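The structure appears right after this line, and notes come after that.
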Amino acid sequence: PFEGVAWTPRPPQGPPQGCFACIAKPPALRQASPVLSPSSAVYLMENKSCKGDSLRPAVPCKHSVEKKTMTNPTTVIEIYPDTTEVNDYYLWSIFNFVYLNFCCLGFIALAYSLKVRDKKLLNDLNGAVEDAKTARLFNITSSALATFCIILIFIFLRYPLTDY
């Protein structure tokens, strides 16, 4: 399709001139003539230059003054609340659910522990703290009541009611 078209090699490219803001901008578009002859079309095709080309005259960088005056650039970092400090009591809840599930209190504690983990992933710190308090309350209650029942069972095994 391009028979007879002679391509001229470009001169070797040097390092880009100016700062990144100047190089990143596209070159200004020139107004083309309304009627193009084939020879002028080849000229325009060969004359196109890329951003770092040496065919384009070097334009002094207007951002060099800004670079010199900007001595302390600032960086914005988003800081999320530290949710790693919220204890979810997950292992304690699993232990209570499996071994000391007194009146399903261990199951309820496990459900609240899972809610704490979900809210920590969503960065809802206040909700995670409230659910952690509730999970701890159910874990304490389940552990205390189950321990009390186990102690009562050992007492009645050691001293049966028939002796009284």
Side-chain angles (χ1 to χ4, degrees), residues 1-2 10-30 45 48-56 58-164:
F2 295 110
R10 290 186 177 167
Q13 295 179 357
Q17 302 293 325
C19 68
F20 179 74
C22 293
I23 295 171
K25 292 179 184 175
L29 297 176
R30 286 178 276 180
M45 184 170 56
K48 283 186 180 177
S49 61
C50 69
K51 295 175 184 170
D53 236 347
S54 60
L55 294 177
R56 189 171 38 166
V59 178
C61 178
K62 64 181 180 180
H63 296 97
S64 61
V65 177
E66 293 175 14
K67 284 183 183 177
K68 291 177 183 173
T69 59
M70 187 180 1
T71 58
N72 192 9
T74 58
T75 303
V76 177
I77 300 172
E78 293 185 23
I79 300 174
Y80 293 103
D82 190 18
T83 59
T84 58
E85 295 179 6
V86 179
N87 196 353
D88 56 3
Y89 306 106
Y90 186 66
L91 292 176
W92 190 12
S93 299
I94 288 178
F95 179 79
N96 281 339
F97 176 65
V98 173
Y99 295 109
L100 307 174
N101 197 7
F102 183 80
C103 294
C104 293
L105 292 176
F107 176 71
I108 297 170
L110 182 63
Y112 274 102
S113 295
L114 292 174
K115 284 177 66 175
V116 170
R117 286 193 169 196
D118 291 342
K119 289 185 179 182
K120 281 170 61 174
L121 286 176
L122 296 174
N123 288 328
D124 181 13
L125 189 61
N126 294 332
V129 168
E130 291 299 319
D131 286 342
K133 288 179 183 178
T134 308
R136 185 181 65 204
L137 176 72
F138 278 113
N139 278 323
I140 290 172
T141 307
S142 177
S143 298
L145 289 175
T147 305
F148 180 71
C149 288
I150 290 172
I151 291 173
L152 279 179
I153 289 172
F154 280 129
I155 289 174
F156 283 123
L157 286 177
R158 175 71 175 113
Y159 305 107
L161 288 177
T162 57
D163 291 345
Y164 296 110

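Computed from a predicted model, the values in this text were never measured in an experiment. Below, all heavy atoms of this structure are taken into account, side chains as well, without hydrogens, waters or symmetry copies.
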Would you say the side-chain atoms of Ser143 pair up with the backbone N or O of Asn96, donor to acceptor, closer than 3.5 Å?
->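 No; zero donor-acceptor contacts below 3.5 Å.
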Nearest 0.5 Å, what's the [atom1]-[atom2] distance between [X] and [Y]?
X: Ile140; Y: Leu105; atom1: CD1; atom2: CG; result: 12.0 Å
X: Thr134; Y: Ile108; atom1: OG1; atom2: CD1; result: 11.0 Å
X: Glu85; Y: Leu125; atom1: CD; atom2: CG; result: 9.0 Å
X: Ser142; Y: Tyr99; atom1: OG; atom2: OH; result: 14.0 Å
X: Thr141; Y: Leu100; atom1: OG1; atom2: CG; result: 12.5 Å

For the side-chain contact (heavy atoms from CB on, under 4.5 Å) test, which of Leu152, Ile150, Ile151 pairs with Phe154?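 With Phe154 as partner, Leu152, Ile150, Ile151 yield a single side-chain contact (heavy atoms from CB on, under 4.5 Å), made by Ile150.
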Closest approach of Ala128 to Lys120 (non-hydrogen atoms, all atoms of both residues):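 Heavy atoms only, the tightest pair is CB-CG, 4.1 Å.
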*asked:* Can you list everything that forms a ring-ring contact (aromatic ring centres under 6.0 Å, His included) with Tyr90? Sequence neighbours excluded, please.
replied: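 If we apply the ring-ring contact (aromatic ring centres under 6.0 Å, His included) test to Tyr90, skipping adjacent residues, there are no hits.
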Going by the rule ring-ring contact (aromatic ring centres under 6.0 Å, His included), which residues pair with Phe107 if we only count those two or more places apart in sequence or in a different chain?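 Expected list: Phe97.
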Applying side-chain hydrogen bond (donor to acceptor under 3.5 Å, both in side chains), which residue pairs with at least one partner in residues 103-115 are found, sequence neighbours left out?
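As it turns out, the side-chain hydrogen bond (donor to acceptor under 3.5 Å, both in side chains) pairs with a partner in residues 103-115, which skip direct neighbours, are Ser93-Ser113.
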Item to complete: Give the ring-plane orientation class for Tyr89 versus Trp92, where under 30° counts as parallel, over 60° as perpendicular and anything between as tilted.
Response: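 Rings of Tyr89 and Trp92: perpendicular, as their planes differ by over 60°.
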